[in-house]
Structures are given as C-alpha cells and as structure tokens.
J.: 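Pasting a structure below so you can have a look.
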Amino acid sequence: MGFSFSMKFDNLINLELTQKSGQTSQPPWIEMHGKYCDLIYLNEVPILIKAYQDDITSLNINYELPLDIGNLKDSVDQKNTEKNIKNEINRIFDLNFDLNRFYDYLSEDSKLETTVDFSRGLRLFLAKNPFEAIVSSIASANNSIVRWTKSIANIRKKWGNPVKFSSGIFYEFPYPELLQFVHENDLEEFDSLNGSIDMEFCIKNLKSCGVGYRAPYIKKTSEILSNDINLLEIFNMDYEEAFETVLTFPGVGPKVADCILLYGYGFKEAFPTDIWIKRIISYLYFDNKDISVSKIREFGIEHFGEYAGYVQLYLFHYARKSGLMNKLK
DNA sequence: TCTCAGGTCTGCG
DNA sequence: CGCAGACCTGAG
C-alpha cells in the first residue's frame, strides 16, 4: 500500500547531488526508477521512503508501510504519519538550513565563492540512524568509496532485519546490541561451528563484508555502544564533549570523529579534515604550504565557525568537480 | 603484477 | 606530543 505527498519550500535542494556527493555518513539511498529509496523510522517502525523531485524547490515523497505490520499498527499514528515523515525528511536533508544565506557567506570570501557554481542545492545528508553513520565512517578510513559502500550493504543484508514492502524487501541496519556479538572473521566463525561446515562457507562474519582490518574496530565500538554509552546521549553533548567521546571508540580518529558528528549527529561546527581537505585548504589559504591535518582542522573550525561543516562539504565537491583535485595530487 | 584508497593504531624519540 | 610503518582488499 503506497501513499504520496509533495513538500514545497522557499529554499532549494538538489536531491541527486546531495545523494551522490559522497558524504561519509551513509551510502546513497537505493535508486529505483529514478527515485531514491530507503527506510526511515517513525516510533521505531521502519517506513519505506521513495524520494524524487521535479524542480529544486520541492521534494516528492512516496511512502509505504511494512506489509506485515501486524501488531505494530497501533504504533503508527495514521493521522500524523505524513506530518512525521515530513519532519524526518526535514531533519535528514537539513531543509531548515538557509542555503541562500550560506551562499551570501561564501560570496564574501573570494576563495570560496566559486564553490557555489559546482554545488548549488547541495545539502547535508544526515544519517537516519547514527549507528550506521558510526560504522560507515569507521569503514571509510583508508578505504575507497565503492568498497565501504559495499561493506555497509553487506552488513545490512547479513544481520539487518528484513522488512517486506509491496515494492520488495529492504534491510534495516543492525543495532549495536546485535553487531557486538558477530564473528570477526571466517576462522572465528569456523571455530564456533565445531567444523559442521567447511571454512569456505563461513561468510557470515564482519571481514567477509569487506571491512578488512577494521572488523575488530566495528565490533569493539558496538560493544561500547551496547554497554557503556548510549547512542542518543551524544545528541545532548556540546561539540567538544561529543568529539572527545567518539574519539574513544576504536577505529575512530579525528577525521572519522568529525564525520560521525557532522553527518551522523548534525554538529555543523565540525570540520572533517582528510588528505583532500588538507590539500585544498593549504592551496587556497596557505600558499600550498605543508601544514598538519590537525592544524588545518583547527583553522577550519576557527575560520568557518557555524558553517565549517558546510564549507567542508562544498570544498570537497568543488575540488572533485573543478579538476582541482587532480591538480593537487 | 603493483599501486593506491576521503586514516588509525602502534611504537619510538 | 610529533612522526614513520603497517595495514585488509579489490579496482584500475
């Protein structure tokens, strides 16, 4: 059973650009017939969303409820479903952020004003689920975009709860309480099965998802999030405290921490500084001098303030599309 | 065959 | 603190 509605607003969004800019919080949503499809949650009930647009000042949303919703039906407030979906879409695509005001800000800096031409309508793409952002970000370190994207899809398929919709089955991302107990590699899986199957069939382990040596990081971080720190606590912290908190997770260094905070939790003052941002900022602001990543991060946070996260997003995309990246290699 | 990828961890000065 | 080296793995 499908429903649909349209969201019209004063501001703008380029959905395709926002989906495909390679932001490190989650893979793009699944593309089906020109629509971007994924699960969002209303009162912990997964809802299938299909988003597309006809023009840059509106979003069209189709949504489906799970087929075997059964006793969950009571927790879906039919009357308010549409309103609640709008709120969640608003949050995920940061639709309350005034892009035009941001463009005014960019145009005041001659080094930044050209970024707009390559990125008009690009918005922050927040995780529907901060845990997925954490695991994604850990998996992204020293990895290629295609590979970590596949890893996340594999994790969903192997341990995520399958939910049936009339459009097909979609997998949730597993919770830390489950992921903390999965096997790290085929050997560990093999041992636990007491030789009941051959080693070559041991494919339900983290490493088989393609996360490589990050498998123990993901598992230990899941343990911490099951036992010591509640995922939601981080929403209530200030940026500094949140940064220090996620830094304690194995596999999380300063770059991954800022990605988690920006894309997973919406801390816009975060300035994820990877090798590219380091090169871009050095080139634009420091005459191409070799400055450490941590200094670049401090510069970004100080210099761009509340816009740091968006500036990082726009700079990265600009460098990719303008040819600056190739030049800086 | 060989390098490299949106860093982090470890060990050392 | 600041700085090398190692590191899964598959695409090009």
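In this text, all values refer to a predicted model and were calculated from it rather than measured experimentally.
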J.: Parallel, tilted or perpendicular: which fits the ring planes of A:Y307 and A:F102, with parallel below 30° and perpendicular above 60°?
T.: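 A:Y307 and A:F102: tilted rings.
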J.: If we take the P atom in both C:dA11 and B:dT8, what is their distance in whole Å?
T.: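 Looking at atom P only, C:dA11 and B:dT8 are 24 Å apart.
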J.: Specify the separation, in whole Å, of atom CH2 of A:W148 and atom C1' of C:dG10.
T.: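 My rounded result for the distance is 17 Å.
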J.: What nucleotide, of B:dT8, C:dC8, B:dG7, holds the atom closest to the side chain of A:K207?
T.: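 The answer is C:dC8, which lies nearest to the side chain.
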J.: I want to confirm an ordering. Mapping A:L247 and A:R147 to their closest nucleotides on DNA chain B, which one lands closer to the 5' end?
T.: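 Result: A:R147.
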J.: Taking only side-chain nitrogens and oxygens of A:K150, does any of them come within less than 4.0 Å of OP1 or OP2 of C:dA11?
T.: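 Answer is yes, contact under 4.0 Å.
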J.: Does a side-chain N-to-carboxylate-O contact under 4.0 Å join A:K128 and A:E88?
T.: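 Answer for the salt bridge query: no.
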J.: Specify the residue among A:V146 and A:N142 whose closest nucleotide of DNA chain C lies further upstream toward the 5′ end.
T.: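 On the 5' side of the pair lies A:N142.
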J.: Quick one: A:I134 CD1 to B:dT8 P, roughly how many Å, whole number?
T.: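 From A:I134 CD1 to B:dT8 P: 14 Å.
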J.: With a 4.5 Å cut-off on side-chain heavy-atom distances among I, L, V, M, F, W and Y, is there a chain of contacts connecting A:F3 to A:F170?
T.: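 Hydrophobic grouping puts A:F3 apart from A:F170.
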J.: Less than 6.0 angstrom separating the ring centers of A:F97 and A:Y310, yes or no?
T.: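 Yes, ring centres under 6.0 Å apart.
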J.: Taking only Lys NZ, Arg NE, NH1 and NH2, and the carboxylate oxygens of Asp or Glu, determine whether A:D55 and A:K8 approach each other closer than 4.0 Å.
T.: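 Yes.
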J.: Need one value for A:Q312: base, sugar-phosphate or nothing, where a base atom within 4.0 Å counts as base even if backbone is also close, heavy atoms only.
T.: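 It contacts base atoms.
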J.: Are A:Y285 and A:H303 near enough that their ring centres are under 6.0 Å apart?
T.: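 Yes - the distance between ring centres of A:Y285 and A:H303 falls below the 6.0 Å cut-off.
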J.: What does A:V252 touch in the nucleic acid at a heavy-atom separation under 4.0 angstrom: a base, only the sugar-phosphate, or nothing?
T.: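 Counting heavy atoms under 4.0 Å across all strands, the contact made by A:V252 is with sugar-phosphate only.
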J.: Does A:G210 reach a base, just sugar-phosphate, or nothing at all? Heavy atoms under 4.0 Å.
T.: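 Touches nothing.
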J.: Need one value for A:G253: base, sugar-phosphate or nothing, where a base atom within 4.0 Å counts as base even if backbone is also close, heavy atoms only.
T.: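 Sugar-phosphate: the residue A:G253, judged by heavy atoms under 4.0 Å, touches backbone atoms but no base.
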J.: What is the distance, rounded to the nearest whole Å, between atom CD1 of A:I145 and atom C1' of C:dG12?
T.: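 Nearest whole value for this atom pair: 16 Å.
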J.: State yes or no: do A:L178 and A:L231 share one hydrophobic cluster built from I, L, V, M, F, W and Y residues joined by side-chain heavy-atom distances below 4.5 Å, directly or via other members?
T.: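 Yes, A:L178 connects to A:L231 through the hydrophobic network.
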J.: Please list every stem that involves DNA chain B, where a stem is a run of 3 or more consecutive Watson-Crick or G-U wobble pairs with both pairing distances under 3.5 Å.
T.: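 Only these stems qualify: B:2-5 with C:9-12, B:7-13 with C:1-7.
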J.: Rounded to whole Å, please give me the gap between OH in A:Y213 and C1' in C:dC8.
T.: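 About 7 Å, once rounded to whole Å.
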J.: Please report, rounded to the nearest Å, how far the P atom of C:dC7 is from the CG atom of A:N185.
T.: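 These atoms are roughly 16 Å apart.
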J.: Specify the residue among A:S21 and A:P250 whose closest nucleotide of DNA chain B lies further upstream toward the 5′ end.
T.: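 By nearest-heavy-atom nucleotide position, the 5'-most residue is A:S21.
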J.: Using atom CD1 of A:I260 as one end and atom P of B:dG7 as the other, report the distance to the nearest whole Å.
T.: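 From A:I260 CD1 to B:dG7 P: 14 Å.
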J.: Pair A:T245, A:E241 - check side chain to side chain contact (heavy atoms under 4.5 Å, CB included), show working.
T.: CA-CA 6 Å; A:T245 302; A:E241 186 186 4; 4.3 Å; yes
J.: Within this structure, what is the OH-to-P distance between A:Y217 and C:dT9, rounded to whole angstrom?
T.: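 Distance, rounded to whole Å: 14 Å.
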J.: Whole Å only: how far is the CZ atom of A:R214 from the C1' atom of C:dC7?
T.: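 Going from CZ in A:R214 over to C1' in C:dC7 covers 8 Å.
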